[in-house]
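Atom set for the values below is all heavy atoms of this structure, side chains included, hydrogens, waters and symmetry mates excluded. Not measured: the values here are computed from a predicted model.
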Amino acid sequence: MGNVERDPAAERVKDAEEARDDLRTALKGAGITLPSLSLDGVSLAGDIPRPLVDLGRCTPDLARRLAETIRKGAT
């Protein structure tokens, strides 16, 4: 087998995708779904992407449920 050269840009995007998926799974376990959870497209642009996980938008009720869940986990 030959050496496989890793593309640092692709590795950054893959890491961000894994982080997004990990967050989605954790939120699902708490009964929360962020419908717009994704990677921020603008942060992926350029030769050296700096991916950001975009939490997106949600209803006020969901924001309160998320805040309550975080408070419970922080104690």
Would you mind writing out the side-chain donor-acceptor pairs for residues 30-40 within the sub-3.5 Å range, not counting sequence neighbours?
| from | atom 1 | to | atom 2 | distance (Å) |
| --- | --- | --- | --- | --- |
| Ser38 | OG | Ser36 | O | 3.3 |
| Asp40 | OD2 | Ser43 | N | 2.9 |
| Asp40 | OD2 | Ser43 | OG | 3.4 |

Distance (rounded to the nearest 0.5 Å) between Asp7 CG and Arg12 CZ: 10.5 Å
Arg65 CZ to Leu27 CG distance, which is reported to the nearest 0.5 Å: 10.0 Å
Non-hydrogen atoms of Asp47 and Ala9 that approach each other most closely: O-CB, 4.1 Å
Side-chain cluster (under 4.5 Å, hydrophobic types only) that Ile48 belongs to, other residues: none
Test: Glu68 and Arg64 ion pair at under 4.0 Å: no
CG on Leu66 to CZ on Arg71, rounded to 0.5 Å: 9.5 Å
Show the atom names and distances, to 0.1 Å, of all donor-acceptor pairs under 3.5 Å that link a side chain in residues 55-62 to residues at least two apart or in another chain.
| from | atom 1 | to | atom 2 | distance (Å) |
| --- | --- | --- | --- | --- |
| Thr59 | OG1 | Leu62 | N | 3.1 |

Atom pair CG/CZ of Leu52 and Arg50 - distance to nearest 0.5 Å: 10.5 Å
Path from Ile70 to Leu23 over hydrophobic side-chain contacts below 4.5 Å: yes
